[in-house]
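Everything below concerns the one structure shown next.
Everything quoted here is computed from the prediction, not taken from an experiment.
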Amino acid sequence: MVQFEEYSVSAHYNTLLDLFVAAEEFEKRELEKLVDTQIGNLFVEHEVQSILGLTLIHRHFSLNDGEKLVNYGAVAYPWDMSNATDEVAREIHPSSWRFTGPSTLAPYEFEYIAGPASPENPLDKPKVQAFLDRLGALFQEHNVAHLLGVQRLDTVTNTETGLEFTAERANITLPLKAAGPDGTNAVDALWIFDKDVPTAPTEARVVKACRKQCIKKCQKQHNGHRKQHTGSKRHT
């Protein structure tokens, strides 16, 4: 059975790779092949593709002690939990996790979910636990735990492909079709899976579909000149 670590800013969020670095390693190692086959097939085999998505884990900025990156609607912003009331703290729930060991996960992003009752943690389901055991082993085998994680899908209310960009210390998601030129070089950040029965009736295969894309607008020194800090690939 997988175990869960308590969230730590320094251990679980600030150690995430920068978006550009994560995307560059993902592409250089041609990990899309792994996602399209072994990882995607594992989601479908365990029937968790409607519960969890696969994420390219990364950070856009560092957090301070006591902060959590909390999603609310189309905005993710650092919330200072040292000033949060008990009522607010109870309504902040993990939404994305990373592996810290083959059978150990820790949350690194959160969702604000208002209501009298806490939502069920999908990672507690027995079939999800079995899936995570195998996924953690697969991540260790291919050395991708620092690049890939999982995200709950029950808090993703808009299934239209979105583009996430950073404005100072806030991540804002807009519809991809409204992004204009900024959407042409976006980095894939969240994948969902489904069965591809018509084209592969005799084997378990998946279709990879991007629900969310991520872009960070900043300037970075690259090969001796200034370059806009974006990724290089986009799925439709």
Side-chain angles (χ1 to χ4, degrees), residues 12-40 43 52-63 69 71 74-78 95-99 108-111 135 139 142-153 155-156 158-193 206-223 225-236:
H12 303 139
Y13 187 86
N14 287 342
T15 54
L16 295 171
L17 294 178
D18 177 87
L19 171 65
F20 183 82
V21 175
E24 189 172 51
E25 180 177 346
F26 184 89
E27 184 172 359
K28 184 178 295 185
R29 293 176 58 189
E30 299 182 340
L31 292 176
E32 188 171 356
K33 296 177 182 178
L34 181 66
V35 171
D36 286 342
T37 54
Q38 294 185 62
I39 293 177
F43 274 78
L52 296 173
L54 181 73
T55 60
L56 178 71
I57 60 176
H58 62 275
R59 63 184 173 91
H60 298 263
F61 42 75
S62 296
L63 296 182
L69 188 65
N71 291 273
V75 178
Y77 189 79
S95 59
S96 297
W97 294 262
R98 58 182 297 190
F99 281 92
Y108 66 92
E109 286 191 12
F110 299 81
E111 190 89 18
L135 187 67
F139 279 11
H142 292 277
N143 188 27
V144 295
H146 63 296
L147 292 173
L148 300 174
V150 293
Q151 178 177 332
R152 62 190 302 169
L153 296 178
T155 60
V156 180
N158 187 355
T159 59
E160 182 178 6
T161 302
L163 181 73
E164 185 182 72
F165 66 94
T166 300
E168 296 184 358
R169 298 187 79 221
N171 297 336
I172 303 168
T173 302
L174 298 175
L176 179 63
K177 62 186 179 184
D182 288 335
T184 59
N185 290 317
V187 174
D188 296 350
L190 171 62
W191 299 278
I192 58 173
F193 302 95
V206 297
V207 172
K208 178 159 63 73
C210 297
R211 173 171 289 180
K212 178 181 180 184
Q213 293 182 301
C214 187
I215 189 170
K216 180 179 180 181
K217 293 193 171 192
C218 70
Q219 296 294 316
K220 188 178 180 71
Q221 292 285 347
H222 186 73
N223 293 335
H225 64 277
R226 309 289 292 182
K227 179 178 180 180
Q228 186 177 9
H229 185 163
T230 67
S232 59
K233 295 170 68 179
R234 179 171 67 87
H235 283 258
T236 56

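The backbone N or O of Phe61 lies less than 3.5 Å from no partner atom in the side chain of Arg169, so there is not a single donor-acceptor pair. Checking side-chain atoms of Asn171 against main-chain N and O of Thr166 turns up no donor-acceptor pair under 3.5 Å.
Every residue meeting the side chain to side chain donor-acceptor pair (under 3.5 Å) condition with Glu30, not counting sequence neighbours, appears here in chain and number order: Lys33. With sequence neighbours excluded, no residue satisfies side chain to side chain donor-acceptor pair (under 3.5 Å) with Lys28. A search for side chain to side chain contact (heavy atoms under 4.5 Å, CB included) contacts involving Ser62 returns Asn14, Arg59, not counting sequence neighbours. Every side chain to side chain donor-acceptor pair (under 3.5 Å) that Thr55 has, sequence neighbours left out, goes to Tyr108. Not counting sequence neighbours, the partners of Gln38 by the side chain to side chain contact (heavy atoms under 4.5 Å, CB included) test are Leu34, Leu138, His142. Residues satisfying the side chain to side chain contact (heavy atoms under 4.5 Å, CB included) test with Ala145, not counting sequence neighbours, are Phe99, Phe139.
Atoms CD and CG, on Glu24 and Leu19 in that order, are 11.0 Å from each other to the nearest 0.5 Å. Atoms NE2 and CD, on His60 and Glu164 in that order, are 4.5 Å from each other to the nearest 0.5 Å. Between the CG atom of Leu63 and the CG atom of Leu16 there is a distance of 9.0 Å, given to the nearest 0.5 Å. Rounded to the nearest 0.5 angstrom, Glu168 CD and Tyr77 OH are separated by 8.0 Å. Of the inter-residue distances, the one linking Ile57 atom CD1 with Leu148 atom CG reads 7.0 Å to the nearest 0.5 angstrom. Note: Phe193 CZ to Ile39 CD1 = 7.0 Å, rounded to the nearest 0.5 Å.
For the pair Arg152 and Trp97, the minimum side-chain heavy-atom distance is below 4.5 Å. Looking at Asp188 and Leu56, their side chains never come closer than 4.5 Å, going by heavy atoms from C-beta outward.
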